[in-house]
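One structure follows; several queries about it will come next.
Each residue takes its place number in the sequence, starting with 1.
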Amino acid sequence: MKTKLIAIFGIPIFKKTVYSRLKKYYLLGVFFLKIEIFNKSKKYSLFGLPILKIHHNDKITDLFINEQKTTNEIESILQRLFKYDIVKESDIAFLNIKKIINKEKNAVFGVLPPEKTGIAIFNHNAFVDCECFDIFSDVRDLSIARGLSKNVFDLKTFIKFDASYLYKKFIYILGNSSHNNPYLHMAKSSIDKQKSWLYIHEANLNNLLFSHCNSNFLIMKEYLIKYYPEFSSELIKLKNFQEFRIWNEELKIYSLRVIVGLTNIFNFIVNNSLCKNLILKELKDYKVNIVEAFLPLPKIANIDNFCKKNSEIYIGTFGVPHEIKFSLEIAQAIEYLNKSKNINIKLLVVGYGASNFFKKYDFDKSYLEIYENVSDIQFYNLINQVDLVVQLRKKPHGESSGPIVSALVLDKKIITSKDFVDKKIENKVFVLDNHELGYKKIAEKILECIQTSSDVVNYSEIKNSYTYSNLAKLLDEL
């Protein structure tokens with residue numbers, strides 16, 4: 001919402017309030033004119049009474065529906081638009097594709113590479129080059145997008161051509177970081193809420209909301225007090241986002257009520273049953289529709305063969321080290337096994353900030369191998385190098401784990417936390433209960449795992465069902 005106010009000597013004379021598809025005008029504090037903007041029309045109301053409706057069909061949108069136009073006519077329009085810098089490369093590509101493809105598709109809104117986030121990789125693998133979808137992204141480098149695929153377009157292209165009527169469904173992919181803020185904005189402006197879906201990769205969206213509030217905790221706190229009145233007396237005392245994170249350490253609030261309030265969208269897609277249950281718990285007073293999908297296994301190729309000594313055991317833990325991931329306890333478990341059991345184990349820690357994280361702690365680090373800022377190929381090669389992958393969470397909140405699905409593809413033994421992954425995956429791997437979990441219990445499970453034959457690894461059923469093509473089919477048929 002944007003507001004323009006004209007005042008004389010402090011007295012408001014004229015005010016204009018602009019929403020995504022609505023404009024309101026006030027004179028001397030009296031609301032007198034409203035303009036509603038629809039796909040192909042504008043409706044004017046004076047003092048609440050409709051007075052005019054204007055339909056429009058400009059040459060841009062006409063390109064989509066008039067099959068009789070010749071290629072030369074279309075090219076002439078495109079060149080004229082481009083000449084006056086109205087349409088950029090994404091827009092021209094969009095129009096060119098739409099003039100030859102009439103199939104009704106789904107519109108997806110989400111982050112793409114080169115942004116450094118797991119959801120960007122997921123979106124690329126799931127939707128780029130998939131004939132059922134067009135994906136709209138906040139593309140910083142349009143040449144990268146054009147190189148990616150013919151179905152990748154800039155967000156502004158969708159807005160400029162008011163392209164909602166071209167699509168049968170709208171999927172807004174939201175993760176818990178600032179990368180996803182543009183797509184929350186798009187979800188807010190969605191026209192057809194019944195055909196709109198929020199695809200969330202974890203139930204906790206507090207960081208996303210903070211970003212959406214321009215990192216202003218006072219604005220965020222107003223939202224939280226409004227949508228979580230049961231915590232208002234506690235929230236009002238908090239001064240900044242860091243205090244909120246400490247207060248909310250046990251995740252009393254996921255900010256889902258605020259996201260629903262902002263978007264007015266009640267259709268959800270999730271990747272696992274835990275995320276579904278957390279949504280239902282947080283939104284128990286809302287009528288929501290939740291489809292449980294899955295995180296597809298990545299396509300991994302060109303992996304290096306790794307030769308190691310027979311006496312060496314390699315264990316890997318992947319992602320940014322953190323207390324909630326038991327990163328220190330995993331390292332201490334390896335130290336304990338090497339010293340008490342006389343085993344030769346190397347621990348590969350792969351993730352940003354690993355060196356600084358372990359620098360804080362005093363223990364034998366000679367068996368640690370730390371890798372930071374690795375490429376996708378290096379990441380997969382390192383998973384392929386280990387005998388066992390350990391990925392734990394103190395309190396899972398429905399998030400997905402890229403390292404676990406990658407380890408499944410490469411047929412690695414896996415130890416994870418109870419309720420951290422899909423139940424079908426959990427039934428195939430080694431599981432730890434987080435209750436009173438310390439480094440000795442982790443060490444016991446690691447020892448059990450490395451002493452168990454590799455014959456227990458059987459992920460064929462998961463590999464056959466958890467594919468990107470199956471996910472695309474599921475989403476297309478919603």
* Asked: Does atom NZ of Lys193 have more than 12 heavy-atom neighbours, drawn from other residues, nucleotides or ligands, at distances under 6.0 Å?
  ->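 Yes, because the 6.0 Å sphere around NZ of Lys193 holds more than 12 heavy atoms from other groups.
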* Between Trp197 and Ile269, what is the shortest heavy-atom contact and its length? ->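 The answer is CE3-CG1, 3.7 Å.
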* Locate the shortest heavy-atom distance separating Val350 from Val374; write the atom from each residue and the value. =>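 Between these two residues, the closest heavy atoms are CG1-CG2, 3.9 Å.
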* Would you sort out whether Phe127 and Phe122 count as a side-chain contact (heavy atoms from CB on, under 4.5 Å), showing the intermediate values? => CA-CA 8 Å; Phe127 303 112; Phe122 165 82; 4.1 Å; yes
* Which pair of non-hydrogen atoms, one from Tyr227 and one from Gly261, has the smallest distance, and what is that distance? ->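 Distance-wise, the nearest heavy atoms are OH-CA, 3.4 Å.
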* Measure the acute angle between the ring planes of Phe217 and Phe241, then classify it against the limits of 30° and 60° as parallel, tilted or perpendicular. =>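 Plane angle between 30° and 60°, so tilted.
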* Asked: How far does OG of Ser469 sit from CG of Leu474, to the nearest 0.5 angstrom?
  -> 11.5 Å
* For Asn206, which residues count as a side chain to side chain donor-acceptor pair (under 3.5 Å) partner, sequence neighbours excluded? -> Asn204, Ser255
* side-chain contact (heavy atoms from CB on, under 4.5 Å) evaluation trace for Asn248 with Phe231 -> CA-CA 11 Å; Asn248 198 41; Phe231 297 117; over 6 Å; no
* Any donor and acceptor pair, going by atom type alone, linking the side chain of Glu399 with main-chain N or O of Glu202 inside 3.5 Å? -> no
* Donor-acceptor contact present, side-chain Asn176 to main-chain Leu208, <3.5 Å ->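 Confirmed, Asn176 side chain pairs with Leu208 backbone.
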* To do: Considering only NZ, NE, NH1 and NH2 on the basic side and carboxylate oxygens on the acidic side, decide whether Glu230 and Arg257 come within less than 4.0 Å.
  =>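 Counted as a salt bridge, because a side-chain N and a carboxylate O are separated by less than 4.0 Å.
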* Asked: Is it true that a side-chain atom of Lys221 and a backbone atom of Ile236 form a donor plus acceptor pair closer than 3.5 Å?
  -> yes
* **Any donor-acceptor N or O pair under 3.5 Å, side chains Thr467, Asn470** => yes
* Structure fact -> With sequence neighbours left out, the residues meeting side chain to side chain donor-acceptor pair (under 3.5 Å) with Asp192 are none
* Taking Lys445 for its side chain and Ile415 for its backbone only, find out whether a donor-acceptor pair lies under 3.5 Å. =>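 Here the side-chain-to-backbone pair does not exist.
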* To do: Would you check if the side chain of Lys276 reaches a backbone N or O of Ile290 as a donor-acceptor pair within less than 3.5 Å?
  =>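 Answer holds: no.
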* **Within 6.0 Å of NZ in Lys473, more than 12 heavy atoms from elsewhere** =>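 For Lys473, atom NZ is not crowded (no more than 12 foreign heavy atoms under 6.0 Å).
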* **Salt-bridge present (Glu444, Lys441; N to O < 4.0 Å)** =>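 Result for this pair is no, no salt bridge flagged.
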* Structure fact -> Nearest heavy-atom approach of Ile265 to Ala187 is CD1-O, 3.7 Å
* Asked: Roughly how far, to the nearest 0.5 Å, is the OG atom of Ser190 from the CZ atom of Phe170?
  -> 6.0 Å
* Side-chain contact test, heavy atoms from C-beta onward, threshold under 4.5 Å: evaluate it for Leu235 versus Ile253 and give yes or no. =>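 Of all side-chain heavy-atom pairs linking Ile253 with Leu235, at least one is under 4.5 Å.
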* **Lys365 NZ/CZ over Phe363 ring centroid, <6.0 Å and within 45° of normal** =>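 Geometry flag: set, cation within 6.0 Å and 45°.
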* Asked: Between Lys413 (side chain) and Thr452 (backbone), is there a donor-acceptor pair under 3.5 Å?
  -> yes
* Side-chain H-bond candidate by donor/acceptor type, Ser137 with Tyr183, under 3.5 Å ->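 There is such a pair between these side chains.
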* **Lys105 (side chain) donor-acceptor with Tyr167 (main chain) under 3.5 angstrom** =>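 Not confirmed, Lys105 side chain does not pair with Tyr167 backbone.
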* **Test item: Leu297 and Lys463 side chains (from C-beta on) under 4.5 Å apart, heavy atoms** => yes
* To do: Output, in order, the C-alpha distance, side-chain angles, deciding distance and verdict of side-chain contact (heavy atoms from CB on, under 4.5 Å) for Tyr439 and Leu328.
  => CA-CA 8 Å; Tyr439 75 90; Leu328 174 61; over 6 Å; no
* Between Lys169 and Asn106, a side-chain donor and acceptor under 3.5 Å -> yes
* Looking only at atom types and distance, does a side-chain atom of Ser327 sit under 3.5 Å from a main-chain N or O of His322, one as donor and one as acceptor? ->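 Pair found, side chain donor or acceptor close to backbone of His322.
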* Asked: Between Ile200 and Leu256, is any pair of side-chain heavy atoms under 4.5 Å apart?
  ->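 Yes, at least one pair of side-chain atoms sits under 4.5 Å.
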* Assess the pair Phe158 and Phe109: is the distance between their ring centroids shorter than 6.0 Å? => yes
* Greater than 12 external heavy atoms within 6.0 Å of Gln194's CD -> no
* Could you walk me through whether Asn214 and Ile219 pass the side-chain contact (heavy atoms from CB on, under 4.5 Å) test, one step at a time? => CA-CA 9 Å; Asn214 296 316; Ile219 298 175; 5.5 Å; no
* ring pair (Phe, Tyr, Trp, His ring centres under 6.0 Å): which pairs involve residues 260-285, sequence neighbours left out? ->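 Pairs touching residues 260-285 that pass the test: none.
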* Asked: Can any side-chain N or O of Asp387 pair as donor or acceptor with the backbone N or O of Ile313 at less than 3.5 Å?
  -> no
* **Residues Asp419 and Ser417: side-chain donor-acceptor under 3.5 angstrom** => no
* Would you find more than 12 non-hydrogen atoms of other residues, nucleotides or ligands less than 6.0 Å from Asn342 atom CG? -> no
* Asked: Quick check: are there more than 12 heavy atoms from other residues, nucleotides or ligands sitting under 6.0 Å from CD of Glu461?
  -> no
* To do: Quick one: list whatever passes side chain to side chain donor-acceptor pair (under 3.5 Å) with Gln332, sequence neighbours left out.
  => none
* About how many Å separate CD1 of Ile303 and CG of Leu410, when rounded to the nearest 0.5 Å? ->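 Interatomic distance, Leu410 CG to Ile303 CD1, rounded to 0.5 Å: 6.0 Å.
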* Could you state the interatomic distance from OG (Ser189) to OH (Tyr172), rounded to the nearest 0.5 Å? ->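 With rounding to 0.5 Å, OG (Ser189) is 6.0 Å from OH (Tyr172).
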* Asked: How about Phe244 and Leu224: do any of their side-chain heavy atoms sit closer than 4.5 Å?
  -> yes
* To do: Search all heavy atoms of Ile345 against all heavy atoms of Tyr367 and return the closest pair with its distance.
  =>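 Ile345 and Tyr367 have their closest heavy atoms at O-CB, 3.6 Å.
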* To do: Write out all pairs satisfying side-chain hydrogen bond (donor to acceptor under 3.5 Å, both in side chains) with one or both partners inside residues 371-380, taking only residues at least two apart or from two chains.
  =>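 Listed once each, the pairs are Glu369-Tyr371, Ser375-Gln378.
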* Hey, does the side chain of Thr317 reach the backbone of Val390 with a donor-acceptor pair shorter than 3.5 angstrom? -> yes
* Do other residues, nucleotides or ligands put more than 12 heavy atoms under 6.0 Å from the CD atom of Glu323? -> yes
* Can you list every side-chain hydrogen bond (donor to acceptor under 3.5 Å, both in side chains) pair that touches residues 259-272, not counting sequence neighbours? -> Tyr199-Asn271, His201-Asn271, Asn267-Asn289, Asn271-Ser400
* Euclidean distance, Glu115 CD relative to His124 NE2, rounded to 0.5 Å -> 14.0 Å
* Asked: Are side-chain heavy atoms of Phe420 and Ile404 found at a separation under 4.5 Å?
  -> yes
* Atom NZ of Lys299 with >12 non-hydrogen neighbours under 6.0 angstrom ->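 Not buried by this count: 12 neighbours or fewer within 6.0 Å.
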* **Spacing of Leu437 atom CG and Ile442 atom CD1 [to the nearest 0.5 Å]** =>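 That separation rounds to 4.5 Å.
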* **Residues Phe318, Phe379; criterion ring-ring contact (aromatic ring centres under 6.0 Å, His included); working and verdict** => CA-CA 9 Å; Phe318 298 82; Phe379 176 80; 5.6 Å; yes
* Regarding Lys394 and the six-membered ring of Phe326, is the cationic atom NZ or CZ under 6.0 Å from the ring centre and inside 45° of its axis? ->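 Lys394 over Phe326 ring: yes.
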* To do: Return the minimal non-hydrogen interatomic distance between Ile462 and Lys428, and the atom names on each side.
  =>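 Here Ile462 and Lys428 meet closest at CD1-CG, 3.8 Å.
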